[in-house]
Trainee: 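Here you go, one structure.
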Amino acid sequence: MKQQTLVPADRHSPAPTAAFTQPQLLRVSDNVYSATGYAISNVLYVITGRSVVVIDTTESMTAAGASFHEFRKLCPLPVSYIIYTHFHGDHIRGARAFHEPSTRVIAQRRLPEEVAYVARMLPYRKRVTALQFGFGLKIERRGVTLVEERQSGYIPPDILFDEEYRFREGDLNFELYHTQGETVDHLMVWIPEEGALFPGDLYYSRFPMLSNPMRPDRPVLAWAESLERMRTFHPRHLVPSHSNPVSGMAEVDLVLTNYARAIRYVHDQTIERINQGLTLEEIRAQVKLPEELSSLPYLREGYGTVAWSVNGVFRQNTGWYGFNPADLNPCSGKDLREALIEAASGEAPLVKRARRALREGRHQLALELADTVLGARPRNLGAQAIRLRALRRLAAASQNGVEQNIYRTAAKEALATFGLPASEPPKATKINYSGAWVRPARESVVRGESYSPPAGAPVDRQMMERTAAVVNRWYDERMFAEWAEKGYAGSDFHNLGYWTDQTRTRKAACENLMETLLAFLPDKSGNVLDVACGKGATTRYLLKYYTAANITGINISEKQLRRCRLNAPDCKFLRMNATGMTFENATFDQLICVEAAHHFAGRETFLKEAHRVLRTGGRLVLSDMLPPAQRRATGALCPQQRFMNPLEYRDLYFQAGFQHVEVVDATRECILGLRSYMIRSLRDRWLKGSIDLPTFRAKRNEVFRKEDIRAYYVLVCARKGDLR
């Protein structure tokens, strides 16, 4: 990184709202440096001749440390003082990166009170910070952002002062003055020998955030007075804590003058109209900066806005009652929205009008009309779509970083819930899986418990063969269908998969499921049997951990086995029924069965077979689906499926001889995860125009009618033999 010298009159410096610019260490004068671009706030270094004074520390110890490392190439002197210009986290959280045992921290007297207030309001403040700085968005989509770092390097002040504090360090005198504006504890730093004034957050190269939509009111008039006070020092350098410094006495004076003028103008014009009896809505519409101010690059509304400032001044100087009796004791918003819909003879006319507003480019009107409908009819698809489009268009049209984050975050949240029903479809009482049941290795089977297999068990050979034939035909048709090849991206997987917040495709979900199951196997040595191996994608995945010579796959479909031999040509594949395996006893070290056991004609028979062919110490890992309620055994796809409680399901494994069993509920990640993906895919197709609204609704309802989404999905690891 190269050290750069500041050019005078740098009015076109990057805004404090943009994503971080290229980090650089700017030389303001022989002894003053500004480290910009490391975080949203700058670190300001002053070399005194015998030490370094640091003014503001950014929101991140990582960013602070990086800037300090660069500064250390120029100056090895110790840090004698750290000065906080105010309590905001982006000025105090990096302090530990500079602090030494002899370093003293200085702040205005009210800073500890403000820090304590933040702690009291921490849940709300975290929510506001995440929204204001777009933490829920990809970083390239954020209009303004912070470095996200959990650990705070804040160090409480050693020195607190009220209105003024002076000290001499080395060759320089430091004068600190209480200057309210951004906060009530704000201070400025003046170094006469350098002609350098450090305004903290009272100046940066955008219109100031005089009133934050989500934070307490700020002393607007005091802000202007503080700027006017700064002019009296006739500084040669203005070194702010956001954006680049400004140099040149005339230029600095002009910047401070215009900044103070803009603030006073908004304040005074708002007060004048309050006294005229105008409403807040009327005042917002009338108060605009004059052209000679609004055209200045450092007064563009990229961070604060004039309208938000009007709100703040109005709120500071009036009560919540706006002299309209209808607002004194308003009815509930829901009642009003219901009445409007009733008066319009239903929500359709309001949706139609909102759609017209979108076409006309009146995006705010479209948003408010859509919200009116959704306030009473939250699942109206037309209103949902209009609201989503309006939010996106408002974000695209905005030049303000905070506005962009708010609109884009709302659009992201709207997209996540788009098209979902108001409540889950009716289903049987949910099995309350607590997560996992593990029987200790030496715990014996409880002999006193009664256990009865389902009627008709054990399943006879004729039933097994009939089921195998039905499953064969059904799966051969589905697994080789065009939609399956396309939906699984030609990967030859064919299961529900395991879905996380980051999973975007069926193929990735299926790979997640394999990883989750294989995590049950701490030692992936020896040989492994892939039971009901499908088209060989699961077998191929096993090659990541096992050699081909140690992998065997079995399936009842010759058509699927032919594909298996293409996917994993060096592995061994056999046509064999899982409920009647022909292997010798104790043949395998591990068995894996992905989402197939619920199709077997006798799950109990399969478990006994699995136990038989495993060596002592071997593990069976599988994913399985359980019905939500009793289902008749039809002999079709899912024979003998019946409702089982968690203990009963676990005991199937104990009855088969397994000594250590874990059952983990993965319904949310697998069944509900796939359902959400399917709904999102349908929604995206509708929004892109590839399907119409009736088709979207019909297909969405199909998804919710599927019997599988009412089932329970479990992951199981069962071990043969003691764990000693």
Trainee: Please determine whether a side-chain nitrogen of the Lys or Arg among Glu282 and Arg284 lies less than 4.0 Å from a carboxylate oxygen of the Asp or Glu.
Mentor: no
Trainee: So, does Thr48 use its side chain to make a donor-acceptor pair with the main chain of Asp171 at under 3.5 Å?
Mentor: no
Trainee: Tell me if a side-chain donor or acceptor on Thr232 pairs with a main-chain N or O of Arg229 at a distance below 3.5 Å.
Mentor: yes
Trainee: For the residue pair Gln404 and Ser398, confirm or rule out a side-chain donor-acceptor distance under 3.5 Å.
Mentor: no
Trainee: Is it true that a side-chain atom of Thr145 and a backbone atom of Phe133 form a donor plus acceptor pair closer than 3.5 Å?
Mentor: yes
Trainee: Any idea which heavy atoms bring Leu391 and Ala411 closest together, and the distance?
Mentor: CD1-N, 3.8 Å
Trainee: Using a 6.0 Å cut-off, check whether atom CZ of Arg72 has over 12 heavy atoms from anything other than its own residue.
Mentor: yes
Trainee: Does any donor atom in the side chain of Thr129 or Arg215 lie under 3.5 Å from an acceptor atom in the other side chain?
Mentor: yes
Trainee: Report yes if some heavy atom in the side chain of Tyr38 is under 4.5 Å from a heavy atom in the side chain of Thr58; otherwise report no.
Mentor: no
Trainee: For Ala95 and Thr57, work out which heavy atoms get closest and say how close.
Mentor: N-OG1, 3.3 Å
Trainee: Less than 3.5 Å apart, which donor and acceptor atoms pair up between the side chains of residues 108-124 and the rest of the protein, not counting sequence neighbours?
Mentor:
residue : atom : partner : partner atom : Å
Gln108  : OE1  : Arg110  : N            : 2.7
Gln108  : NE2  : Asp162  : O            : 2.9
Tyr124  : OH   : Met214  : O            : 2.7

Trainee: Taking all heavy atoms of Gly65 and all of Ala97, pick out the closest pair and write down the distance.
Mentor: N-CB, 3.9 Å
Trainee: How many angstroms lie between CD1 in Ile106 and CG in Leu187, if you round to the nearest 0.5 Å?
Mentor: 9.0 Å
Trainee: Evaluate whether atom CD of Gln276 has more than 12 neighbouring non-hydrogen atoms of other residues, nucleotides or ligands under 6.0 angstrom away.
Mentor: yes
Trainee: So, taking the atom named CZ in Arg273 and the one named OG1 in Thr279, what distance separates them when rounded to the nearest 0.5 Å?
Mentor: 12.0 Å
Trainee: Please name the pair of heavy atoms, one in Val184 and one in His178, separated by the smallest distance, quoted to 0.1 Å.
Mentor: O-NE2, 2.7 Å
Trainee: Begin with the C-alpha distance, continue with both residues' side-chain angles, and end with the deciding distance and a verdict on side chain to side chain contact (heavy atoms under 4.5 Å, CB included) for Val105 and Tyr84.
Mentor: CA-CA 8 Å; Val105 180; Tyr84 298 143; 3.4 Å; yes
Trainee: Measure from the side-chain N and O atoms of Asn405 to the backbone N and O of Arg142, and report whether any donor-acceptor pair falls under 3.5 Å.
Mentor: no
Trainee: Treating Ser211 as the side-chain partner and Ser309 as the backbone partner, does any N or O pair qualify as donor plus acceptor under 3.5 Å?
Mentor: no
Trainee: Keeping the roles fixed (side chain from Asn42, backbone from Pro240), state whether a donor-acceptor pair exists under 3.5 Å.
Mentor: yes
Trainee: Is a side-chain N or O of Lys412 found less than 3.5 angstrom from the main chain of Gly136, in a donor-acceptor match?
Mentor: yes
Trainee: Is there a donor-acceptor contact under 3.5 Å from the side chain of Asp201 to the main chain of Glu182?
Mentor: no
Trainee: Scan side-chain atoms only and decide if Thr183 and Asp185 contain a donor-acceptor pair under the 3.5 Å cut-off.
Mentor: yes
Trainee: Evaluate the criterion side chain to side chain donor-acceptor pair (under 3.5 Å) for residue pair Tyr45 and Ser67; output intermediate values, then yes/no.
Mentor: CA-CA 10 Å; Tyr45 297 101; Ser67 83; 2.7 Å; yes
Trainee: Can you find a pair of side-chain heavy atoms, one from Tyr321 and one from Pro325, that are under 4.5 Å apart?
Mentor: yes
Trainee: Does a side chain donor of either Asp56 or Ser241 reach within less than 3.5 Å of an acceptor in the other side chain?
Mentor: yes
Trainee: Centre-to-centre under 6.0 Å for His88 and His186, is that the case here?
Mentor: no
Trainee: Any side-chain donor-acceptor pair under 3.5 Å between Ser51 and Glu169?
Mentor: yes
Trainee: Only one of Thr270, Ile263, Asp268 passes side-chain contact (heavy atoms from CB on, under 4.5 Å) with Val266; say which it is.
Mentor: Thr270
Trainee: Just by distance, no angles: are the side chains of Gln399 and Arg300 close enough, under 3.5 Å, to form a donor-acceptor pair?
Mentor: no
Trainee: Can you see which heavy atom on Glu194 is nearest to which on Ser29, and at what distance?
Mentor: OE1-OG, 2.7 Å
Trainee: Could you work out, with salt bridge (charged side-chain N to carboxylate O under 4.0 Å, His left out) as the rule, every residue matching Glu193, not counting sequence neighbours?
Mentor: Arg168
Trainee: Let me confirm one number: the CZ-CD1 distance from Arg104 to Ile159, rounded to the nearest 0.5 Å.
Mentor: 3.5 Å
Trainee: For residues Phe198 and Leu44, determine if any side-chain heavy atom of one lies less than 4.5 Å from a side-chain heavy atom of the other.
Mentor: yes
Trainee: Determine whether the side chains of Arg231 and Thr257 contain a donor N or O and an acceptor N or O closer than 3.5 Å.
Mentor: yes
Trainee: Determine, step by step, whether Leu131 and Val402 satisfy the side chain to side chain contact (heavy atoms under 4.5 Å, CB included) criterion, reporting the C-alpha distance in whole Å, the side-chain angles of both residues, the deciding distance to 0.1 Å, and the verdict.
Mentor: CA-CA 8 Å; Leu131 180 57; Val402 178; over 6 Å; no
Trainee: Using a strict 4.0 Å threshold on nitrogen-to-oxygen distance, state whether Arg362 and Glu368 make a salt bridge.
Mentor: no
Trainee: Between Glu149 and Arg96, is the closest basic N to carboxylate O distance under 4.0 Å?
Mentor: no
Trainee: Please determine whether the number of non-hydrogen atoms from other residues, nucleotides or ligands lying under 6.0 Å from atom CD of Glu100 exceeds 12.
Mentor: yes
Trainee: Please examine the side chains of Leu388 and Leu687, heavy atoms only from C-beta on, and report whether any two atoms are closer than 4.5 Å.
Mentor: yes
Trainee: What I'd like to find out is whether the side chain of Tyr154 reaches to under 4.5 Å of the side chain of His91, using heavy atoms alone.
Mentor: no
Trainee: Is the shortest side-chain heavy-atom distance between Asn244 and Leu26 below 4.5 Å?
Mentor: yes
Trainee: Restricting to non-hydrogen atoms, name the atom on Phe207 and the atom on Tyr259 that form the minimum distance, rounded to 0.1 Å.
Mentor: C-OH, 4.2 Å
Trainee: Are any non-hydrogen side-chain atoms of Val306 and Glu301 less than 4.5 angstrom apart?
Mentor: yes
Trainee: Aromatic rings Phe167 and Tyr81: how do their planes relate, parallel, tilted or perpendicular, breaks at 30° and 60°?
Mentor: tilted
Trainee: I'd like to know whether Phe174 forms a side chain to side chain contact (heavy atoms under 4.5 Å, CB included) with Leu172, so could you lay out the CA-CA distance, the side-chain angles of the two residues, the decisive distance to 0.1 Å, and finally the verdict.
Mentor: CA-CA 7 Å; Phe174 290 78; Leu172 302 178; 3.9 Å; yes
Trainee: Nearest 0.5 Å, what's the OG1-CG distance between Thr372 and Leu336?
Mentor: 8.0 Å
Trainee: OG1 of Thr62 to CD of Gln151: how many Å apart, nearest 0.5 Å?
Mentor: 8.5 Å
Trainee: Can you find a heavy atom in the side chain of Met61 that is under 4.5 Å from one in the side chain of Arg93?
Mentor: no
Trainee: Aromatic rings Tyr204 and His242: how do their planes relate, parallel, tilted or perpendicular, breaks at 30° and 60°?
Mentor: perpendicular
Trainee: If only atom types and distance count, is the side chain of Arg218 paired as donor or acceptor with the main-chain N or O of Met209 below 3.5 Å?
Mentor: yes
Trainee: Between Trp308 and Leu210, does a side chain to side chain contact (heavy atoms under 4.5 Å, CB included) hold up when you go through it step by step?
Mentor: CA-CA 8 Å; Trp308 294 352; Leu210 301 179; over 6 Å; no
Trainee: Has Asn317 got a side-chain atom pairing as donor or acceptor with Ile271's backbone, closer than 3.5 angstrom?
Mentor: no
Trainee: For the atom pair CD1 (Ile274) and CD (Gln269), what is the distance rounded to the nearest 0.5 Å?
Mentor: 11.5 Å
